[in-house]
Amino acid sequence: MSLNGKTAVITGSNSGIGLGIAWEMARAGANVVLNSFTDNEEDHVLARQIADETGVSARYIKADMSKGAECRALIGQAGDCDILINNAGIQHVAPIDQFPVEKWDAIIAINLNSAFHTTAAALPMMRKAGWGRVVNIASAHGLTASPYKAAYIAAKHGIVGMTKTVALETAEEPITANAICPGYVLTPLVEAQIPDTMKEYDMGREEVIRNVMLARQPSKEFATVEQLGGTAVFLCSDAAAQITGTTISVDGGWTAL
Ligand code: NAD
């Protein structure tokens, strides 16, 4: 599967799933633009490592995905955007009547609004290039719910809905829009939830992982960032040219229950 000559912009890609997708895009031959809201030496080192190991061009561009103007500026600065991976995301867990307003606003801004802004900026470039792929990283929580994650679940259901609309608006063009719905993937976002969950359930780490976190994941295994990268690469391939406006679950059977 060759993505030679294509440019992939991956939001929120200095760690976790976004970084895993960037690696797989680069291994498939795409030039990559990494992003997060920081501007540390390590961020640029990640881009250099990808370029050195795969031979593609790789850059890191700082842009805060909680700010609409910066989302649009990221796409402008990238210059080309054949493949847009909307991946940036944060989480906060609290009952809805105690959910901090600023956390609600930040989650909706980063997990949902950013994809509106980047997609709006990228579509004209895709149209000009005559080819495009939008891949939104939603979640099993874009299709089902859990308590205490109101903002995240609202944002993820929202991005699944927006994906369908983008697909319909581009249906007669060589552009597709799809959402990947991962179950649990062991990344910093998930790792950060483990201590609180251990306290909440008064359990050890392994017990929390198997019986709480993976309780709804029948495979009892975390998905890997490489598997998500491979799924994103597949959605960018010719084989997936007629796959648009849909979701692909990578969740070990979670949504089959
Ligand atoms: P992560 O914390 O490792 O990565 C999140 C990325 O988003 C980081 O690169 C972070 O720097 C970036 N980010 C956060 N705020 C940002 C901002 N304001 N501007 C720009 N970038 C910002 O977590 P992850 O698990 O890799 O999550 C990536 C995506 O996958 C998220 O959308 C998340 O909801 C989704 N997801 C994760 C899982 C999982 O189990 N890990 C499951 C389903 C969906």
K.L.:
For the atom pair CD1 (Ile110) and CG (Asn86), what is the distance rounded to the nearest 0.5 Å?
P.N.:
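CG of Asn86 is found 13.0 Å from CD1 of Ile110.
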K.L.:
Once rounded to the nearest 0.5 Å, what's the spacing between atom NZ of Lys62 and atom CG of Asn14?
P.N.:
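It is 12.5 Å, given to the nearest 0.5 Å.
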K.L.:
Output, in order, the C-alpha distance, side-chain angles, deciding distance and verdict of side-chain contact (heavy atoms from CB on, under 4.5 Å) for Met213 and Ile194.
P.N.:
CA-CA 8 Å; Met213 306 191 90; Ile194 295 177; 3.6 Å; yes
K.L.:
What I'd like to find out is whether the side chain of Arg133 reaches to under 4.5 Å of the side chain of Asp82, using heavy atoms alone.
P.N.:
no
K.L.:
Which atom pairs, donor and acceptor, lie under 3.5 Å between side-chain atoms of residues 141-168 and protein residues at least two apart or in another chain?
P.N.:
| unit_1 | atom_1 | unit_2 | atom_2 | d |
| --- | --- | --- | --- | --- |
| His141 | NE2 | Ser146 | OG | 2.5 |
| Thr144 | OG1 | Ala140 | O | 3.0 |
| Ser146 | OG | Arg216 | NH1 | 2.7 |
| Lys149 | NZ | Tyr184 | OH | 3.1 |
| Lys156 | NZ | Ile137 | O | 3.0 |
| His157 | ND1 | His141 | O | 3.1 |
| His157 | ND1 | Ile153 | O | 3.0 |
| Thr163 | OG1 | Asn136 | ND2 | 2.9 |
| Thr163 | OG1 | Ile159 | O | 2.5 |

K.L.:
Please evaluate residues Leu34 and Asp43 with respect to the criterion side-chain contact (heavy atoms from CB on, under 4.5 Å), reporting the C-alpha separation (whole Å), side-chain torsions for both, the decisive distance (0.1 Å), and the verdict.
P.N.:
CA-CA 8 Å; Leu34 304 184; Asp43 297 323; over 6 Å; no
K.L.:
Between Gln227 and Thr224 (side chain of the first, backbone of the second, donor and acceptor by atom type, cut-off under 3.5 Å), is there such a pair?
P.N.:
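Indeed, once roles are kept as given, a pair shorter than 3.5 Å links the two residues.
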K.L.:
With clusters defined by side-chain heavy atoms of hydrophobic residues (ILVMFWY) lying less than 4.5 Å apart, directly or transitively, does Trp131 cluster with Val33?
P.N.:
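In one cluster with Val33: Trp131, no.
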K.L.:
Could you state whether Ile75 and Met25 fall into the same hydrophobic cluster, counting links through intermediate Ile, Leu, Val, Met, Phe, Trp or Tyr residues with side-chain heavy atoms under 4.5 angstrom apart?
P.N.:
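No, it is not one cluster - the side chains of Ile75 and Met25 are not joined through contacts under 4.5 Å.
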K.L.:
Determine the minimum heavy-atom distance between Gln91 and Ile107, stating which atoms define it.
P.N.:
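Heavy atoms only, the tightest pair is C-CD1, 3.9 Å.
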K.L.:
For Glu53 and Trp23, what are the C-alpha separation, side-chain angles and deciding distance, and is it a side-chain contact (heavy atoms from CB on, under 4.5 Å)?
P.N.:
CA-CA 10 Å; Glu53 278 195 37; Trp23 270 105; 3.8 Å; yes
K.L.:
Kindly say whether Ile243 contributes a backbone atom to a donor-acceptor pair with the side chain of Asn178 at under 3.5 angstrom?
P.N.:
yes
K.L.:
Answer with yes or no whether the hydrophobic clustering places Val32 together with Met125; edges join I, L, V, M, F, W, Y residues whose side-chain heavy atoms lie under 4.5 Å apart.
P.N.:
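Shared cluster, no.
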K.L.:
List the steps, then state whether side-chain contact (heavy atoms from CB on, under 4.5 Å) holds for Val233 with Arg27.
P.N.:
CA-CA 10 Å; Val233 168; Arg27 287 183 182 123; over 6 Å; no
K.L.:
So, the side chain of Tyr60 versus the backbone of Ser36: is there a donor-acceptor pair under 3.5 Å, distance only?
P.N.:
yes
K.L.:
Donor-acceptor check, side chain of Arg205 to backbone of Met198, threshold 3.5 angstrom: yes or no?
P.N.:
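Side chain of Arg205 to backbone of Met198, a donor-acceptor pair under 3.5 Å: no, none is there.
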K.L.:
List in chain and number order the residues that pass salt bridge (charged side-chain N to carboxylate O under 4.0 Å, His left out) with Arg210, two or more places apart in sequence or in another chain; answer none if no residue qualifies.
P.N.:
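Counting only residues at least two positions away or on another chain, Arg210 forms no salt bridge (charged side-chain N to carboxylate O under 4.0 Å, His left out).
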K.L.:
Distance from Thr197 atom OG1 to Ile209 atom CD1, nearest 0.5 Å?
P.N.:
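Interatomic distance, Thr197 OG1 to Ile209 CD1, rounded to 0.5 Å: 10.0 Å.
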K.L.:
Looking at Ala232 and Ile21, what are the two nearest heavy atoms and their distance?
P.N.:
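Smallest heavy-atom distance, with atoms named: CB-CG2, 4.1 Å.
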K.L.:
Please answer whether the main-chain N or O of Ala88 pairs with a side-chain N or O of Thr11 as donor and acceptor at a distance below 3.5 Å.
P.N.:
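Yes, Thr11 side chain to Ala88 backbone: donor-acceptor pair under 3.5 Å.
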K.L.:
How long is the straight-line distance from CG of Leu214 back to CD of Glu221, given to the nearest 0.5 Å?
P.N.:
9.0 Å
K.L.:
Does any part of the side chain of Asn35, heavy atoms only, come nearer than 4.5 Å to the side chain of Ile61, both counted from C-beta?
P.N.:
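Of all side-chain heavy-atom pairs linking Asn35 with Ile61, none is under 4.5 Å.
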K.L.:
Out of curiosity, does Ile175 fall in the hydrophobic cluster containing Ile248 (side-chain heavy atoms, cut-off under 4.5 Å, transitive links)?
P.N.:
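No: no chain of side-chain contacts under 4.5 Å links Ile248 to Ile175.
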K.L.:
Search all heavy atoms of Gly89 against all heavy atoms of Asn111 and return the closest pair with its distance.
P.N.:
CA-OD1, 3.2 Å
K.L.:
Would you call Leu84 and Thr119 a side-chain contact if the rule is heavy atoms closer than 4.5 Å?
P.N.:
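Answer yes - side chains close enough.
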K.L.:
Does Asn4, at its CG atom, have more than 12 non-hydrogen atoms belonging to other residues, nucleotides or ligands within less than 6.0 Å?
P.N.:
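Yes, enclosed.
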K.L.:
Out of curiosity, Lys6 NZ to Asn31 CG, how far, rounded to the nearest 0.5 Å?
P.N.:
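One gets 11.5 Å once the value is rounded to the nearest 0.5 Å.
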K.L.:
Are His92 and Pro100 close enough that some pair of their side-chain heavy atoms sits under 4.5 Å apart?
P.N.:
yes
K.L.:
Which heavy atom of Asp251 sits nearest a heavy atom of Pro182, and at what distance?
P.N.:
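The answer is CB-C, 4.3 Å.
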K.L.:
At what distance, to the nearest 0.5 angstrom, does OG1 of Thr244 lie from CG of Leu235?
P.N.:
9.5 Å
K.L.:
I want to check something: taking the side chain as every heavy atom from C-beta on, are Val212 and Glu200 in contact at a cut-off of under 4.5 Å?
P.N.:
no
K.L.:
Kindly say whether Phe37 contributes a backbone atom to a donor-acceptor pair with the side chain of Asp64 at under 3.5 angstrom?
P.N.:
no
K.L.:
So does Glu173 have more than 12 non-hydrogen atoms from other groups sitting under 6.0 Å from CD?
P.N.:
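Result for CD/Glu173: enclosed.
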K.L.:
May I ask you to decide if Cys81's main-chain N or O and Thr7's side chain share a donor-acceptor pair within less than 3.5 Å?
P.N.:
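The answer is no, because no donor-acceptor pair under 3.5 Å joins these two groups.
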K.L.:
Would Val185 and Ile10 show up in the same hydrophobic cluster when neighbours are defined by side-chain heavy atoms closer than 4.5 Å?
P.N.:
yes
K.L.:
Considering all heavy atoms of both residues, which atom of Glu24 and which atom of Gly230 are nearest to each other, and what is their separation?
P.N.:
CG-N, 3.9 Å
K.L.:
Determine the minimum heavy-atom distance between Phe222 and Gln217, stating which atoms define it.
P.N.:
CA-NE2, 3.9 Å
